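Data block below; observations after.
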Amino acid sequence: MASKYKRPTGTLDILPEDRAYWRFLEETIHDLMSIYGYLQIDVPVFEHTELYVRGVGEGTDIVDKEMYSFKDKGDDDLTLRPEFTAGIARAYVEHGMYKWPQPVKLYAIGPVFRYERPQAGRYRQHTQVSVEAFGEEDPALDFEILSLAHHLFDRLGFKRLYFQLNSTGCPVCRPRYIEALKAYYMEHYDEIDEDCKRRLKRNPLRVLDCKADQCQPVIAGAPKIIDYLCDDCRTHFDTLRGYLDAAGFKYVINHRLVRGLDYYTKTVFEVWAEGIGAQAAVCGGGRYDGLVEEIGGPPTPGVGFGAGWERIILAMKAQGIEPPPLPAPQVFVAHLGKEAKPKAVLLTATLRRAGIRALVAFGERSLKSQMREANRRGVRYTLILGEGELERQVVAVRDMQQGEQFDVPLDRIVEWLREHLQEQE
RNA sequence: GUGACCGUAGCUCAAUGGUGGAGCACCUGGUUGUGGCCCAGGAGGUUGGGGGUUCAAAUCCCCUCGGUCACCCCA
């Protein structure tokens, strides 16, 4: 039976068989955030388009071609959030959080939307946890953010991840660097490919992460941004590195690491995973000291990261990491005969009230068919209620693992199950 | 937006221009009321859709839709 409707391009159904991964991520994140003192915030799934145009920046791919924008019936220009940071920064300003004790440390979880061609680890709707800390420029806060990301992946069970670190400078020193980079590239103009020629005009920093073979020698000889950092940025970067080194935190300085969004300053970092295809970044972030002011708030530094759940789960699978299993049904109630059926239905209700994860057979089917179902559902015990059991006021309990069966008095069954199920925890 | 590859049963895949199958999964029976293993049977397809070539198309051609991967870029 071919289904008439299909999910839209780039969207995903998360089936029950995958849910354990999602639950694991969710619980791990909430637990960790409370340890680091981050508070959960929820912001709308859509915002005024202008917020993203200002916050993320015109000229970025996100704004130029990836936004799900629409006009609503009141003629407002709205956009499904393509990322969290701008919306959270907006909430920070709107609710006067700059009057709260600083830094204000927040995190949000939910779907984000970008109109892109899907591929491995890239979807039009994907799920992120976004972590943001506003109002503090101390590199110790950058360290905290990096540590948090590191800790998260540790907790999830990752062994093979690569932390990439760089500084992207600030409005004082970055223009100087870009000029130097452009000048260098103009000297090698005939050695680079068409894409890079275009990048040079639109977004020069991007030439650094070009993947074309012919550009690699040019990239290798390109000026490095850390040689151009102003004193402030340099001190910030060195102090952060000092913390990371002292903490024994493994990372590599990647001179080619640049971010696609305008608002990043100073610290930028990504976390890469093996085995999930070309989209290896499971986490990306950095400092964005200009963002809050850009969207109309007081000058406020900020630092944070976003991590994509679909990619993290792909990486977990690729590396053989299994989440703790979700609670499975423990008991199946089977019944035989017109009189036993209602008793079975009510018995099941009683078991559930007692906190036992119980299923009941629907319809009137052969015991064989009900047993088959019980087996498929993977329960430990099947309770069988028939005429004979009713007469004797017992229930036949079948241990599906041992293949043993015995009678338990009806008025003792809850207690019996509690005891025996607890033993197995 | 660009490129490559791929669309056959719920899933994984056969059928190389000549009657669309298998394995797994599902349902029923083999046992008056007993799962798994085994055996027997059953159900399930407009071969993604449309057009063309041909006596004949899952198969060849064109268009279209969808998927996958990669580029651009990003979680």
Side-chain angles (χ1 to χ4, degrees), chain A residues 1-11 15 17 25 56 59-66 81-85 109-131 149 193-196 198-199 202-203 205-206 209-212 257-261 270-273 276-285 304-315 332 334-337 340 361 365-390 396-405:
Chain A
M1 201 174 302
S3 81
K4 182 173 177 183
Y5 298 107
K6 293 179 181 169
R7 61 186 194 273
T9 298
T11 61
L15 301 180
E17 64 195 51
L25 262 174
V56 177
T60 62
D61 273 25
I62 288 183
V63 169
D64 287 356
K65 54 183 200 187
E66 294 177 358
R81 64 183 175 215
E83 57 118 47
F84 266 108
T85 307
I109 291 171
V112 298
F113 306 84
R114 291 179 201 171
Y115 187 86
E116 302 180 277
R117 285 286 292 270
Q119 70 187 71
R122 163 179 296 158
Y123 310 96
R124 288 185 177 179
Q125 174 180 339
H126 76 275
T127 308
Q128 280 191 18
V129 55
S130 195
V131 181
D193 70 354
E194 290 306 313
D195 280 340
C196 278
R198 190 167 41 76
R199 289 187 185 105
R202 284 191 55 129
N203 200 344
L205 288 176
R206 298 238 70 96
D209 61 356
C210 177
K211 286 160 195 152
L257 184 65
V258 291
R259 311 254 67 220
L261 315 182
E270 284 187 0
V271 183
W272 296 350
I276 60 173
Q279 311 307 318
V282 291
C283 174
F305 68 80
W309 291 27
E310 288 80 0
R311 285 186 191 176
I312 290 172
I313 289 167
L314 279 179
F332 187 89
H335 49 81
L336 273 167
R365 297 138 61 201
S366 69
L367 186 59
K368 181 191 184 81
S369 156
Q370 296 181 59
M371 294 298 290
R372 242 202 304 262
E373 179 178 351
N375 186 57
R376 265 191 293 121
R377 304 278 186 198
V379 296
R380 178 62 193 270
Y381 297 107
T382 300
L383 309 189
I384 303 165
L385 217 49
E387 310 296 332
E389 284 79 13
L390 280 186
V397 176
R398 185 169 180 83
D399 183 328
M400 302 297 279
Q401 233 167 60
Q402 308 297 324
E404 294 163 354
Q405 190 168 323

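A note on names: the letters A, B, ... follow the listed sequences, proteins ahead of strands, and every chain is numbered from 1. These figures come from a predicted structure and were not determined experimentally.
Contact annotation for A:T9: backbone-only contact, meaning every heavy-atom pair under 4.0 Å involves sugar-phosphate atoms and none involves a base. Among the protein residues, A:A374 comes within range of no part of the nucleic acid, since none of its heavy atoms lies under 4.0 Å from any strand. Contacts of A:G277 with the nucleic acid, taken as non-hydrogen atoms under 4.0 Å apart, involve only primed sugar atoms and P, OP1 or OP2. Within 4.0 Å of A:E389, counting heavy atoms only, lies at least one base atom of the nucleic acid. Among the protein residues, A:Y123 comes within range of the nucleic acid bases, having at least one heavy atom under 4.0 Å from a base atom. Within the 4.0 angstrom heavy-atom criterion, no nucleotide atom of any strand lies near A:E310. In this structure, A:R199 reaches the sugar-phosphate backbone alone: every heavy-atom distance under 4.0 Å involves primed, P, OP1 or OP2 atoms, never a base.
As rounded to the nearest Å, B:rC71 and B:rA9 have P atoms that lie 31 Å from one another. As rounded to the nearest Å, B:rA15 and B:rG21 have C1' atoms that lie 7 Å from one another. B:rU12 and B:rG1: their P atoms are spaced 28 Å apart (whole Å). B:rG50 sits 23 Å from B:rU68 when the C1' atoms are compared, rounded to a whole Å. Rounded to whole Å, the separation between the P atoms of B:rU59 and B:rG52 comes to 14 Å. Distance noted for atom P between B:rG44 and B:rG7: 26 Å (whole Å). Look at the C1' atom in both B:rG20 and B:rA57: the space between them is 12 Å, to the nearest Å. Taking atom P on both B:rA14 and B:rU8, the two are 10 Å apart, rounded to the nearest angstrom.
Between B:rG35, B:rU34, B:rC73, one nucleotide has an atom nearer to the side chain of A:L367 than all others, and that is B:rU34. Of the candidate nucleotides B:rC69, B:rC71, B:rG35, B:rG35 has the atom lying nearest to any side-chain atom of A:M371. Side-chain atoms of A:R117 lie closest to B:rA70 of the nucleotides B:rG33, B:rA70, B:rG66. Side-chain atoms of A:R114 lie closest to B:rA75 of the nucleotides B:rG66, B:rA75, B:rG36. Considering only the side chain of A:E66, B:rC73 comes nearest among B:rC73, B:rU34, B:rA4. Across B:rA75, B:rU34, B:rC73, the shortest atom-to-atom separation from the side chain of A:K211 is found for B:rC73.
The nucleotide B:rC11 finds its pairing partner in B:rG23, both defining distances of the Watson-Crick or G-U wobble pair being shorter than 3.5 Å. Using N1 to N3 plus N6-O4 or O6-N4 for Watson-Crick, or N1-O2 and O6-N3 for G-U wobble, each under 3.5 Å, B:rC5 pairs with B:rG67. B:rU54 is unpaired under the criterion used here, namely a Watson-Crick or G-U wobble arrangement in which both key atom distances are under 3.5 Å. Nucleotide B:rA40: paired with B:rU28 (Watson-Crick or G-U wobble, both distances less than 3.5 Å).
Computed from coordinates, the A:M400 CE to B:rU34 P distance equals 13 Å when rounded to whole Å. B:rG36 atom C1' lies 15 Å from atom CD of A:E373, rounded to whole Å. Taking atom CG on A:D64 and atom P on B:rC73, their separation rounds to 12 Å, with Å as the unit. For the pair A:L383 CG and B:rU34 C1', the interatomic distance rounds to 14 Å; values are reported in whole Å. Remark: C1' of B:rG35 and CD of A:Q401 are 13 Å apart, rounded to the nearest angstrom. To the nearest angstrom, P of B:rC73 lies 18 Å from CZ of A:R124. Going from atom CD1 of A:I384 over to atom C1' of B:rG35 covers 9 Å, rounded to whole Å. The NZ-P distance, from A:K6 to B:rG67, rounds to 8 Å in whole Å.
Contact annotation: the side chain of A:L336 never approaches that of A:E389 to less than 4.5 Å [non-hydrogen atoms, C-beta and beyond]. Put simply, the side chain of A:Y381 reaches to within 4.5 Å of the side chain of A:D399, judged on heavy atoms. For the pair A:I62/A:R114, a side-chain contact is recorded, criterion being any heavy-atom separation below 4.5 Å from C-beta on. Using a 4.5 Å heavy-atom cutoff, the side chains of A:D195 and A:C210 are not in contact. Between A:F113 and A:R124, every side-chain heavy-atom pair lies at or beyond the 4.5 Å cut-off.
Donor-acceptor pairing under 3.5 Å, judged by distance alone, is absent between the side chain of A:Q370 and the base of B:rU34.
In terms of position on RNA chain B, the residue among A:G308 and A:Y115 whose nearest nucleotide sits closer to the 5' end is A:Y115. Comparing A:A120 and A:G386 by the nucleotide of RNA chain B whose heavy atom lies nearest to each, the residue mapping closer to the 5' end is A:G386.
Between the side chain of A:Q279 and the main chain of A:A120, no donor-acceptor pair closer than 3.5 Å is present. A donor-acceptor pair is defined here as one N or O able to donate and one able to accept, closer than 3.5 Å; no such pair exists between the side chain of A:E116 and the backbone of A:E66. In this structure, the side chain of A:E310 engages the main chain of A:T127 through a donor-acceptor pair within 3.5 Å.
The phosphate of B:rC71 (OP1 or OP2) has a side-chain N or O of A:Q119 nearer than 4.0 angstrom.
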Tabulate atom names and distances for all N/O pairs under 3.5 angstrom spanning the protein and nucleotides 28-30 of chain B.
from, atom 1, to, atom 2, distance (Å)
B:rU28, OP2, A:R372, NH2, 3.4

